[in-house]
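All of these numbers come straight from a predicted model, not from anything done at the bench.
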Amino acid sequence: MSNYDQIMKLALEKGFYFPSCEIYADAPAGFWEYGPTGLKVKNKLIDLWRREIVRRDGMLEIDGSQIMSRSVFEASGHIENFTDPVIKCTECGSTFRADRLISERIGKDIPERTPNDEIDAIINSEGIRCPSCKGKFGITTRFNMMFRVEIGPSAEEAYLRPETCQTIFVDFPRVYKTMRGKLPLGIAQLGKSFRNEIAPRQSLLRLREFYQAEVEIFCNPSKLDSLPFFDELSNTTLRISTDGLSVEEVTTNEGLKGGLLPNKLVAYYLSILADFYSKTGIDMKRTRFRKLGENERAFYASIAFDFEVETSVGWLELVACNYRSDYDLRGHSTVSKQNLEVIDPSDQSKILPHVFELSMGIDRSIYAILEHSFYEDSEHDDRVVLRLKPYLAPVLVGILPLVNRNGLSEKSQIIHSELKREFDTYYDDSGSIGRRYRRLEQIGVPFAITVDKITLQDDSVTVRQRDTMQQERIKVSGLKEYLRRSLQSS
RNA sequence: GCGACAGUCGUCCAGUUUGGUCUAGGACAUCAGAUUGCCAAUCUGGUAACCCGGGUUCAAAUCCCGGCUGUCGCACCA
């Protein structure tokens, strides 16, 4: 069984995630639920993001609407660019990307933004027919990956946002003014985005409705090399690939000097991201920042790095890091007719800020964390262990009476009550002690407290470590401090 | 979206070829009880499924049609 299949099975069996609407036969693909176990991991990953990125850098966090007006996406370019020209064979019904098919046939690139009637003209003049059945093609249509929704009784046109950052851009002027913003300023948002994928696949890896944690750094483009906190991260290790094959491992400083990184601002934020991911338990030796070539980049990006992780299903893009320049603010300024320029107080100049973004896929990150944490212990009956960091584990500690007699359950309940409001705990008194340890390990619980006869004599318990199976005896009065210490990430 | 293959308890699998004691069986998991008492022990008992809709037939898990989902390939992937 592949690692992907093992994670999938664990997810279904233990309530990490499962298909949406699964009791109905018409449940559409690409929609998944987080169950109780998975939600806890997700919430803790978000806590870590807030701690290690948002608060660390003094960013402002907002929570915006998922439905936004048509104008927003005219300005962002999504109405025009987030769309593929599609042709359908009239005989066999096969559909093709029109631009791809034509460039294949005539050996010349044609832009995907070519108007439909011009595409039709080329198809006719070149006599292009269906590659599978030689049938004739119908006229070119457009498939837009945004979900269109209708607002109110008059059915005003609107869309579910295809990326959370558009909310940040349209909220920027008010947030900047009311929060006394100064460039460079990070604005962060966690929320859902929606894309009508043609072929969603592989559970959390390609969803139609998914979580993004995005930060948009608004900056003065003439000051990309003066950053207040730069030195704090200048010795971070970064693994950078410019060709998608080889990886250069450098410190942030070295990357800047050697020209792998364009400026301090980009270097700093890639470093804060790398530092964050090193705390998730993902094996950093199996990660890379892949620099994207011109034809790979999104339509708004001038510099782009993908943060990728190697998994059993190949390299997986977890974070898109794009230098979007003033593309978005300029677009929104033009369409809304609002002036979105701000004063940079350091020299009183009036500028339209540029933007560098870290656009993180939460769902994919959770998958990658699970896969990199998954471990079968061949030394001990192939026990399945999720070696999650304590601050990401769905449950921090299990509380287990060794037996149910002699007042041990009662004592365990008392200890449980003392801990359960501060920590995620799990009380379990059914079955053999070994079986209970194994159940906890499978969902990544790092500690198990066992209450035995000695507990009744001296008020001490054993605390078992998930990864080593070692136990140490500690006083009940010291448990809270012990558990608190385990939650520190740095 | 196209093509191939597939869909049975929470999970994995048997049963489908050749329709009929299938009133759907097993293993693991789970629950209750007994027993043991620090690493998935044992015994007893229980819960629990034929993806959805239609058709053929005296009779459908089994055959046919449609839909949905999954896997793989093609295409797509801000």
TODO: Give the minimum heavy-atom separation between F18(A) and G35(A), together with the two atoms involved.
DONE: CE2-CA, 3.7 Å

- [ ] Mind checking Q166(A) for me? I need base, sugar-phosphate or nothing, with any heavy atom below 4.0 Å counting as a touch.
- [x] nothing

Open item on the list: Under 3.5 Å for both donor-acceptor distances, Watson-Crick or wobble: does A34(B) have a partner, and if so which one?
Closed with: U42(B)

Non-neighbouring partners of [X] that pass side chain to side chain contact (heavy atoms under 4.5 Å, CB included), sequence neighbours left out:
X	answer
V384(A)	F374(A), E376(A), Q442(A)
S71(A)	S69(A), V335(A)
Q471(A)	Y437(A), T450(A), T462(A), R464(A)

- [ ] List in chain and number order the residues that pass salt bridge (charged side-chain N to carboxylate O under 4.0 Å, His left out) with D171(A), two or more places apart in sequence or in another chain; answer none if no residue qualifies.
- [x] none

Task: Set of residues satisfying side chain to side chain donor-acceptor pair (under 3.5 Å) with respect to R324(A), sequence neighbours excluded - done: E163(A), D328(A), E357(A)

TODO: Tell me, please, which residues at least two apart from S365(A) pass side chain to side chain donor-acceptor pair (under 3.5 Å).
DONE: Y277(A)

- [ ] Summarise how protein sits on nucleotides 31-41 of chain B as a single string, 5' to 3': B when a protein heavy atom is under 4.0 Å from the base, S for sugar-phosphate-only contact, - for no contact.
- [x] S-----BBBBS

TODO: At under 4.0 Å between heavy atoms, which parts of nucleotides 63-70 of chain B does protein reach? Answer with one letter per nucleotide, 5' to 3': B base, S sugar-phosphate only, - none.
DONE: ----BSSS

Are any protein N/O atoms closer than 3.5 Å to N/O atoms in nucleotides 11-13 of chain B? If there are, list each pair with its distance.
from   : atom 1 : to     : atom 2 : distance (Å)
U11(B) : O4'    : E13(A) : OE2    : 3.1
U11(B) : O2'    : K9(A)  : NZ     : 3.3
U11(B) : O2'    : E13(A) : OE2    : 3.2

- [ ] Report the residues that fulfil ring-ring contact (aromatic ring centres under 6.0 Å, His included) with Y427(A), sequence neighbours left out, ordered by chain and then residue number.
- [x] H416(A)

Return a table of donor-acceptor pairs under 3.5 angstrom between the side chains of residues 313-321 of chain A and protein atoms on other chains or two or more places apart.
none

Name every donor-acceptor pair, under 3.5 Å, that has one atom in a side chain of residues 392-409 of chain A and the other anywhere in the protein, sequence neighbours excluded.
from    : atom 1 : to      : atom 2 : distance (Å)
N404(A) : OD1    : S409(A) : OG     : 3.2
N404(A) : ND2    : D429(A) : O      : 3.0
S409(A) : OG     : N404(A) : O      : 3.3

